[in-house]
Amino acid sequence: MNFIPSPYPAVECRLDILRSNVAQITQRCHAAGIQVAGVIKGVNGRYPLAKQFELGGCDQIASSRLEQIYEAKKANLRGPFLLVRIPMLSEVPNVVRLCDITLASEPALLSALNEECLQQGKRLKVILMADLGDLREGFWNRSDLVETALYMENNLSGLELAGVGTNLGCYGSIRPTVEKMNELVEAAEAVESAIGRQLTWISGGATSSYVLVNDGVMPERINHLRIGENILLARDLQTDWGIGTMKYLRMDAFTLKAEVIEVKEKPSHPVGEIFMDAFGNFPTYTDRGMRRRALLGLGKLDLGDIHKLLPKDAGIEVLGGSSDHTILDIQDVTTPLKVGDLVEFDLNYSTLLFLTSSKSVTLRYFDGEREVAEGEAL
Ligand SMILES: *Cc1c(COP(=O)(O)O)cnc(C)c1O
């Protein structure tokens, strides 16, 4: 027996909007002498979406996950392919097989990559990461960075030292500034003077670093960015940072539609002895009397943190849920809901990340009004 997927929950993806966001960003970056690696990990590397990064003008396709790069290559995306999570030693053979460029920060990894490259007869480009205070990946000491770069240049002939890069605004929430970018340029120039040649790339970061391009203040020598969220959703900078000068980017490329499976009037405060929820938490509840509530057929398994959902109807309040259920307060909705109705949500990065990886969620693709099949050549 075949399993025929149910239509909902569904994420509807507007390929034309995505393509337009890619083009808007790549044009501005190119005008500033900056190449763009389009990062596809936020949508699990789904083919029709990854393809728009290419069509919109990205210079490289990037992911943190090798299986997504594999899928992109299998679908004949042109690449070059950049791995943005510094590789595990155990994935070295696949990195060399699948990637053209990787980020790196560990001498032991570089040695392993070098040996694998020599064995496979390939030359892998490497961008060495410098940690400028965000405290995720990268060399902390400038001298370690320069020493490793010099060692690579002189001893690891399977690798091409192609650049120096950094990542900000991820773990340590550090804001990319002109000063931080200048610090990166200084680190790269220290490497350049040690190896006696110019690097191909100085990679200034991700979505958060794009702000400096938008404002026209990115230091000249930064010539590479790795951008995901600001292409896919364009929500972090416009909504969370409150940047008003990026209206050329659309925030509506993705819409979640979920189906109502129960509508009832119930007390807003649980009845009985309050103990522990399904995930081992001890939440508190506000008593607002009897309220109209709706249950949806999707839950934490599909979208991670239910409270990150953004209902399109301002009268809907997300109360919470469990693995497979989402609970809404619908007392104040404009149009009343009944079983079988669909509720629409805007997405943010983490919900998009989960939804595009869930087996229970159907992805539908539209180019303008026209629906496009997943495998359709674009
Ligand atoms: C995920 C990631 C990116 C892209 O981040 P966005 O904020 O989605 O633009 C860039 N660089 C690295 C190293 C990453 O891990």
Side-chain angles (χ1 to χ4, degrees), residues 18 21-22 24-26 28-29 34-46 49-50 52-53 56 58-66 68-69 72 81-88 91 95 99 101-106 109 125-139 162-176 180-181 184 201-214 218 222-241 243 246 249 251 253-254 347-354 356-357:
L18 188 53
N21 282 357
V22 177
Q24 291 287 346
I25 286 180
T26 52
R28 282 170 178 79
C29 284
I34 294 169
Q35 288 191 7
V36 178
V39 181
I40 61 173
K41 69 189 184 197
V43 287
N44 201 27
R46 294 292 190 112
L49 304 170
Q52 307 314 309
F53 284 74
C58 284
D59 302 281
Q60 295 137 16
I61 299 293
S63 179
S64 50
R65 309 276 172 161
L66 288 170
Q68 294 175 15
I69 290 179
F81 296 97
L82 162 66
L83 185 63
V84 292
R85 182 174 66 191
I86 51 171
M88 301 180 249
E91 58 185 0
V95 174
C99 303
I101 316 158
T102 186
L103 308 183
S105 66
E106 283 289 355
L109 173 80
K125 294 185 169 72
V126 175
I127 298 176
L128 290 180
M129 296 299 276
D131 187 338
L132 302 182
D134 203 59
L135 307 184
R136 205 176 70 181
E137 74 275 46
F139 288 90
V164 167
T166 197
N167 199 63
L168 294 163
C170 275
Y171 170 73
S173 320
I174 296 299
R175 187 191 189 117
K180 284 287 172 197
M181 292 298 110
L184 176 66
W201 295 302
I202 304 181
S203 188
T207 286
S208 53
S209 297
Y210 177 76
V211 175
L212 303 180
V213 178
N214 183 66
M218 183 62 94
I222 303 290
N223 63 0
H224 187 265
L225 290 177
R226 314 170 306 266
I227 301 180
E229 194 280 337
N230 207 35
I231 289 172
L232 294 167
L233 293 167
R235 189 172 292 280
D236 284 5
L237 299 179
Q238 297 195 79
T239 304
D240 300 343
W241 291 45
I243 293 174
M246 283 187 198
L249 297 175
M251 301 193 282
F254 299 91
L347 300 179
N348 68 9
Y349 192 77
S350 76
T351 45
L352 182 64
L353 187 72
F354 278 93
T356 51
S357 317

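First listed ligand is number 1; within each ligand, the first listed atom is number 1.
Contacts between V39 and ligand 1, counted as non-hydrogen atom pairs separated by less than 4.0 Å, involve the side chain only.
In this structure a side-chain-to-backbone donor-acceptor pair under 3.5 Å is missing from N21 to L249. Between the S173 side chain and the G169 main chain, no donor and acceptor come within less than 3.5 Å of each other.
Not a single heavy atom of M129 sits closer than 4.0 Å to an atom of ligand 1. Residue R85 places every heavy atom at 4.0 Å or more from ligand 1.
The side chain to side chain contact (heavy atoms under 4.5 Å, CB included) search around N223 returns W201, I202, not counting sequence neighbours. Residues forming a salt bridge (Lys or Arg N to Asp or Glu O under 4.0 Å) with K180 (at least two apart in sequence, or on another chain): E183.
The ligand atoms of ligand 1 that sit less than 4.0 angstrom from a heavy atom of L103 are 13 (C). Annotation for ligand 1: atoms under 4.0 Å from non-hydrogen atoms of K41 are 1 (C), 2 (C), 3 (C), 14 (C), 15 (O). Near E229, meaning under 4.0 Å from one of its heavy atoms, ligand 1 places the atoms 6 (P), 8 (O), 9 (O). In summary, the atoms of ligand 1 found under 4.0 Å from a heavy atom of E137, numbered by their order in the structure, are 13 (C). Listed by number with element, the atoms of ligand 1 under 4.0 Å from a non-hydrogen atom of I227 are 9 (O).
Protein heavy atom nearest atom 12 (C) of ligand 1, with residue, atom name and distance: N167 OD1, 3.5 Å. The nearest protein atom to atom 5 (O) of ligand 1, hydrogens excluded, is given as A206 CB, 3.3 Å; this is a heavy-atom distance. Among protein heavy atoms, atom 9 (O) of ligand 1 sits closest to T207 OG1, 2.5 Å. Remark: minimum distance from atom 11 (N) of ligand 1 to any protein heavy atom is reached at R226 NE, 2.9 Å.
Scanning both residues, L82 and I69, for their nearest heavy atoms gives O-CD1, 3.8 Å. Of all heavy-atom pairs spanning F139 and S105, the tightest one is CZ-O, 3.3 Å. For the pair L103 and P87, the tightest heavy-atom approach, listed with the atom from each and the gap, is O-CD, 3.3 Å.
Polar contact check, G228 against ligand 1: a nitrogen or oxygen pair lies under 3.5 Å apart. Where the criterion is an N or O separation shorter than 3.5 Å, residue side chain and backbone included, R136 meets it with respect to ligand 1. For ligand 1, the polar-atom distance check finds no N/O of N230 at less than 3.5 Å from any of the ligand's N/O atoms.
Atom CD of residue Q238 and atom CE of residue M251 lie 5.0 Å apart, to the nearest 0.5 angstrom.
In the model, R175 has no side-chain atom that pairs as donor or acceptor with a side-chain atom of S208 under 3.5 Å. Checked by atom type, the side-chain pair R235/N230 shows no donor-acceptor distance below 3.5 Å.
When the heavy-atom distances from atom 13 (C) of ligand 1 to L83, L82, D236, V84 are ranked, the shortest goes to V84.
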